[in-house]
Amino acid sequence: MFRPVTAKPDFVAQEHDLLRAWAERRTFARLRAQNAGNERWSFLDGPITANNPMGVHHAWGRTYKDLFQRYHAMLGQDERFQNGFDCQGLWVEVNVERDLGFTSKRDIEAFGIAEFVSLCKQRVLTFAARQTEQSIRLGYWMDWNDPAELLRLRDLLKADPAQQVTIEGPNGPVTDTVEMVVGRLGMPDVGGSYFTFSNENNDLIWAFLAECHRRGWIYRGHDTMPWCPRCGTGLSQMELNEGYQDREDPGLTVRFPLLDRPGESLLVWTTTPWTLAANVAAAVGEDLQYVKVRQGDDLYWLAKGTLRQALRGPFTVVEERPGAQLAGWRYAGPFDGLPAVERAFGEGAYEHRVVLWDEVGEDEGTGIVHIAPGCGAEDFQLGTALGLPVIGPIDEDGRYVEGFGWLSGREAPAITEAIISDLEQRGFFYHLEAYAHRYPHCWRCGTPLLFRLVDEWYISMGEVYDKPRDQVTPAEVDASLRYQIMDVVDEIRWIPDFGYERELDWLLNMRDWMISKKRYYGLALPIYDCRACGRFDVIGGRQELRARAIEGWDAFEGHTPHRPFVDQVRIACSSCGEPVSRITDVGNPWLDAGIVPFSTLHYREDPEYWSKWFPADFVTESFPGQFRNWFYAMLAMSTVLRREAPYKALFGYATLFGEDGRPMHKSWGNAIEFDEAAERMGVDVMRWMYASARPDDNILFGWHAADEARRELLVLWNVYAFFVTYARLGGWVPEGQIDRATVDAGAAAALDRWILSRAAATAEGAGERLADFDALGATRLVSTFIDDLSTWYLRLSRRRMRSGADPADRRAAFGTLHAALIALSRTIAPILPFLSETLYQNLVVSVIPTLPDSVHLTSWPTDDTASWREPALEASMAVARSAVDLARTLRGQAGLKTRQPLARLWLALPDRDLADVDALLEVIRAEANVKAVERIGDESELVDRGVKVLLPKVGKRLGSRIPAVMAAARDGRFELHPDGSVTIEGETLAADEVEVQATPRPGTAVAHHDGIVVVIDTSLTPELRAEGDARELQRAIQDLRKDAGLELDDRITLWVHGGADGSLDAYLSSVAAETLADDVRRDAAPEDAIAATVRLDAGDVRIALRPTGGA
RNA sequence: GGGGGAGUAGCUCAAUCGGUCAGAGCUGCGGGCUUAUAUCCCGCCGGUUCCAGGUUCGAGUCCUGGCUCCCCUACCA
């Protein structure tokens, strides 16, 4: 027997119950065992940053990851189910610094690098545990570590990283120091999620870098780079774009007095006054026109095209020259007295002068550009080309270094006002105004970036050829990594397809990959830069390092490859033999995530395993940013190591916003925490919202949207609750198996066959959509089916399931609905793992012990349901539904309630092939509540024959004749031929170019749609009126029962007082039967009975009821 | 600055190869639903498909120009 079902489900409580049940029954482990060794489907997880609790936006991606993996598991495919955590990088450091109250790198050095790195690892373990708990709550089935075990390791790591610990791995216990066990997380002997801080991950990146070096692609660049003064590190091109923000800076115009032209000055514009101390030149455009203007006693040079925007007050132009003639003019710099400037200029015997630069324009400023090669990337390039001296004025923290007089030690960006007033006093100032522009900020801490002269390490991405890609020769591709990556991109399916173009665009435009960061926690770059000879070595792994070590190995032994221990090891330079230390830089974190197609698939330890699971069939992430981050890093690393694609299909989805369309932000009140969402709306509701979102559009997430999703699931719940309630009342249980055989025994066989056909079509269609990574398509099909099931099948079948129905028919109805619900439960299992399981547990497990004890252990349903398909019957039922809609429309117009029976309905059906027409007519008759349905044809006075011209078929052929033909068809001016062809306006259309349809004759009250014409008989006989009254009475009694809070099977005594003409009497016994009345009295009810008044055609009637028996 | 995408009802979104009448849901109003459903159904209100041209028998859809928004990309001081 089924367990009773509440009409008001508590989804959240059900989800918690199922999480417990799955854990107890080891359902997931059994699923994995069931599929082990089968054909593989390889999903590769993009690592989630283990730095904070998971947000609802993560739940979007994790819903996709889970549902596609579950779908493939139902196909019987073997999967790895490995989650990944992104563990290394500045974002972790920034948070640990914040917790410790640090403000600069000096604080970290004073605190101790070893302890700082350990705290970073501890933070990762803390949030890996947290995110694991949250993911499990979401129903995300992965090979999770026990969160408590992760926290235990964290605590042990904090207490003493060197202590021995034993943990349980998949192949038995593993014993090592805590530090090394943490370093082995995710590896085969330890199991669970992969962690990018693992030894193997770091080691394989070393191998990758060594391979790059072997090919000559690693180099050290000396360049002016964007620099974050808070983090004390440069930012790569990938990171730069994340942080552009609108900002207001000073737009400062200064004058540089010309040394050889007394009284004359250059006018120069800058938005970074702090860089003026590093000025070495002023650039003009060779072909631009420059003018000398007089303002009072002053003479200024500037570009002619900038006069209006740059000058303040009246002026007179006194001279004009092309920029080329200005070149070489000497001028007095704004900070010439500073020792650093004197030193830089003195060494090269240099003086400030005007130089030519073809990048100079007139759109902004004065057309004369302040050049400080130590403070700007393009300035540096120009300076290098012209051999100008370079002045690097600031240190890691953004403070002026020694030699800048009163500026030294002060923070460069904060000192703008002091610099301006200083310039004013010394006569260099001309004008100041606010200037709004987009300026790069540090994407982690939000600090505005400065440009600073630094050494960083790069991987060369290879030349960009100045020709279309299809003209690049194979030899040229072999010489340029970026083109090799592009070839790999061609092999991949990009969803949505614009991803393909976007990735290629990035590859064509990207510059070399800056891989170094002057920080503490992260991949230790294995670069050993020899000061003695200037050559450098790149070590390809821990073993190689051990072999090459000449000192410090003992200090490193037993530690993960992190700072500071790895820094102890020195090797002998391969060129000159001198001892060399590792550069202290750590790596770009995208190296960590990019190597996972190799490190997590045991590329080195188990090549056979690797070749089975590589490339991944599927990866998915939110695409903002990832085309130049994770997607790119994997492509680059896979191309270098294998020159093949690391994944076959990539599915990207957009961004999650609050319900108001703005980014979620706590202070805006539109943010929803994952935990709150899970415990208030339930994760299945959340998953339904995500699965039915358009992935390439942003999703607006909020409580109202959740309510809509919940309502949809409630409809399904109600069908299920109805079924169980009545199956229990009727004592129905399935006989042995779920079987369609009972269906044909029922009186409503066509209806039953129809819903089963729809269930089969839904399973088939949803499977096709899921196989194509289209969750939205699958949910749309499911939604339609739920609607069919609820508003059509159940609506028409309710009577059949009540007591008193024909027993065989009743069994057929139960059997059908049971089978349909189970098919649906299996179809929605990947998307709604909880709701589907709740249904399955009751519909199957509680009554058929021989079947799998979880819906998630069943196979995808199409094999079982394919034979249920009857497309012609589905088409036929669609016609019936349209006809009933039309009848209801007509009733509405005529003011006749549906419960008022009518004598007749006339119906014309379209000329198409329809299955089970008799059953269809009966459905229409019952639903339209008429005594008889009469089919009408051409001969009827109610309809005409019309012709619908199928435009897509004939459009091209008819061309300009179309308007005339269409007009004639509309007016009925055509001639039908016996073979089905039609002549209209002299054009003959073949039978398959038109559809002959019934159309209403003018002047009749009819409704029509797509060849279906419905007419109702609106005349009411006394008998019909009485029957309508009886139904109205019955409905009122049922309402009253509900008001009285009676159970479905409570029996009553009924009073019906009034309705004096006696027309009701003939129906009272059937009313009594329907309302479970043992006794019907025709007199006034006692005072204590529950009563109401019903307005009937025959007059007002007073009804009352009271439970009978022991109630 | 360069490239891509989008613009459809008050809101969120549909509309197959260009096919003649642009549809759903939400919101609002009216009606209905003979005991699953605080649910659903029917109807009404609501549209210059961003604007202006063009191609075509026919344009939400294709082309050109403009406007607005989003994304990607870029060294502009």
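Chain naming here is simple, since letters A, B, ... match the order of the sequence lines and numbering starts at 1 in each.
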Taking the basic N atoms (NZ, or NE/NH1/NH2) and the acidic carboxylate oxygens, is any pair closer than 4.0 Å for [X] and [Y]?
X         : Y          : result
Arg881(A) : Glu927(A)  : no
Lys931(A) : Glu1027(A) : yes
Arg710(A) : Asp707(A)  : no
Glu503(A) : Arg628(A)  : no

Can you pull every protein N or O that's under 3.5 Å from an N or O on nucleotides 22-29 of chain B?
unit_1, atom_1, unit_2, atom_2, d
rG25(B), O2', Glu708(A), OE1, 3.4

Across all strands, who's sitting opposite [N] as a Watson-Crick or G-U wobble pair, both distances under 3.5 Å?
N       : value
rC57(B) : rG19(B)
rU64(B) : rA52(B)
rU37(B) : none
rC26(B) : rG10(B)

Give the rounded distance in Å between these two atoms: CZ of Phe657(A) and C1' of rC11(B).
->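 To the nearest whole Å, that distance equals 17 Å.
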What's the CG-P distance between Leu449(A) and rC76(B), to the nearest Å?
->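 Atom-to-atom, Leu449(A) to rC76(B), this comes out as 13 Å.
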Looking across every strand, which nucleic acid part, if any, lies under 4.0 Å from [X] by heavy atom: base, sugar-phosphate, or nothing?
X          : result
Gln1034(A) : base
Arg1035(A) : sugar-phosphate
Gly955(A)  : base
Val949(A)  : nothing
Phe627(A)  : nothing
Arg798(A)  : base
Ser790(A)  : base

5'-most contact on RNA chain B: Met510(A) or Ala721(A), nearest heavy atom basis?
->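 Taking each residue's closest nucleotide, the earlier one in sequence belongs to Ala721(A).
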Hey, which sits more toward the 5' end of RNA chain B by its nearest nucleotide, Glu712(A) or Trp269(A)?
->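 The residue mapped nearer the 5' terminus is Glu712(A).
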Going by a 90° cut-off around 0, is rC63(B) syn or anti?
->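 Classified anti.
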What's touching nucleotides 58-63 of chain B from the protein side, N or O pairs under 3.5 Å?
none

Between Trp630(A) and Phe623(A), is the gap from one ring center to the other below 6.0 Å?
->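 No: the rings miss the under 6.0 Å criterion.
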Taking atom types as modelled, find out whether Asn842(A) and Tyr720(A) have a side-chain donor-acceptor pair closer than 3.5 angstrom.
->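 Their side chains do contain a donor-acceptor pair, which is all the 3.5 Å distance test asks for.
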Name the orientation class of the two ring planes belonging to Phe723(A) and His818(A) (parallel below 30°, tilted from 30 to 60°, perpendicular beyond 60°).
->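 Parallel, since the angle between the ring planes stays under 30°.
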Can you give each donor-acceptor pair under 3.5 Å made by side-chain atoms of residues 272-285 of chain A, sequence neighbours left out, with the distance rounded to 0.1 Å?
unit_1, atom_1, unit_2, atom_2, d
Thr272(A), OG1, Thr270(A), OG1, 3.4
Thr272(A), OG1, Thr275(A), OG1, 3.2
Thr275(A), OG1, Thr272(A), O, 2.7
Thr275(A), OG1, His370(A), NE2, 2.8
Asn279(A), OD1, Tyr331(A), OH, 2.6
Asn279(A), OD1, His352(A), ND1, 3.2
Asn279(A), ND2, Ala281(A), O, 3.0
Asn279(A), ND2, His370(A), ND1, 2.7

